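Take a look at the structure set out below.
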Amino acid sequence: MDSIVYQVAIGLGLALVGILLFILAINAGKYRKTWAFWFACIYGGCLLLIFPDGLPFGIFLLVYALSKRNEFLSPRISSAVLTK
């Protein structure tokens, strides 16, 4: 029983580090790829189901992604087009 508790604790700890790094990338790093928008929406929805621990992260991801969806989904002009 103790090894299962340790494994779950390690998994939750690593998941927390991953979600914090993703939030840092999309928020402070201004990473605005289309896949990041869909990942934030789907992962945020899944986190809403993990009540008390995942709820704040899920709400943040959904609100942030949906409020900035124009930045995530806007078409980008490549630098090769600008040089012609």
Side-chain angles (χ1 to χ4, degrees):
M1 178 77 174
D2 289 334
S3 73
I4 294 173
V5 172
Y6 291 133
Q7 291 174 356
V8 169
I10 290 171
L12 287 175
L14 291 173
L16 181 63
V17 169
I19 191 66
L20 290 176
L21 288 175
F22 181 72
I23 289 173
L24 182 69
I26 64 171
N27 196 12
K30 305 281 187 217
Y31 190 73
R32 300 288 194 264
K33 298 288 184 180
T34 304
W35 72 266
F37 169 77
W38 290 111
F39 177 79
C41 288
I42 293 169
Y43 193 55
C46 291
L47 285 175
L48 289 177
L49 301 175
I50 305 173
F51 184 71
D53 299 331
L55 191 64
F57 295 110
I59 290 172
F60 175 79
L61 283 176
L62 283 173
V63 168
Y64 190 83
L66 293 175
S67 66
K68 307 258 184 196
R69 72 178 164 265
N70 292 335
E71 295 176 22
F72 280 102
L73 301 177
S74 66
R76 290 174 175 66
I77 300 173
S78 68
S79 60
V81 174
L82 295 176
T83 58
K84 289 186 177 181

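Computed from a predicted model, the values in this text were never measured in an experiment.
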> With clusters built from Ile, Leu, Val, Met, Phe, Trp and Tyr whose side-chain heavy atoms come within less than 4.5 Å, directly or transitively, what are the remaining members of the cluster of Phe51, listed by chain and number?
Replying inline: Leu48, Leu55, Ile59, Leu62, Val63
> How would you list all residue pairs meeting side-chain hydrogen bond (donor to acceptor under 3.5 Å, both in side chains) that involve residues 12-22, not counting sequence neighbours?
Replying inline: none
> Tell me the side-chain hydrogen bond (donor to acceptor under 3.5 Å, both in side chains) pairs involving residues 12-23, sequence neighbours left out?
Replying inline: none
>> Do Tyr31 and Val17 sit in one hydrophobic cluster, given that two such residues count as connected whenever their side-chain heavy atoms are within less than 4.5 Å of each other, even indirectly?
In response: no
> Among all residues two or more places apart in sequence or in another chain, which pass the side chain to side chain donor-acceptor pair (under 3.5 Å) test with Tyr43?
Replying inline: none
>> Using 0.5 Å steps for rounding, measure from the CH2 atom of Trp38 to the CG atom of Leu73.
In response: 6.5 Å
>> Going by side-chain contact (heavy atoms from CB on, under 4.5 Å), name the residues that satisfy it together with Leu66, two or more places apart in sequence or in a different chain.
In response: Phe37, Cys41, Arg69
> Are the side chains of Ile50 and Leu47 in touch, meaning some heavy atoms are under 4.5 Å apart?
Replying inline: yes
> Do Leu61 and Ile42 belong to the same hydrophobic cluster, where Ile, Leu, Val, Met, Phe, Trp and Tyr are linked whenever their side-chain heavy atoms lie under 4.5 Å apart, directly or via other members?
Replying inline: no
Going by atom type alone, with no hydrogens or angles, which donor-acceptor pairs under 3.5 Å involve a side-chain atom of residues 20-27 and a protein atom two or more places apart or on another chain?
from	atom 1	to	atom 2	distance (Å)
Asn27	OD1	Tyr64	OH	3.4

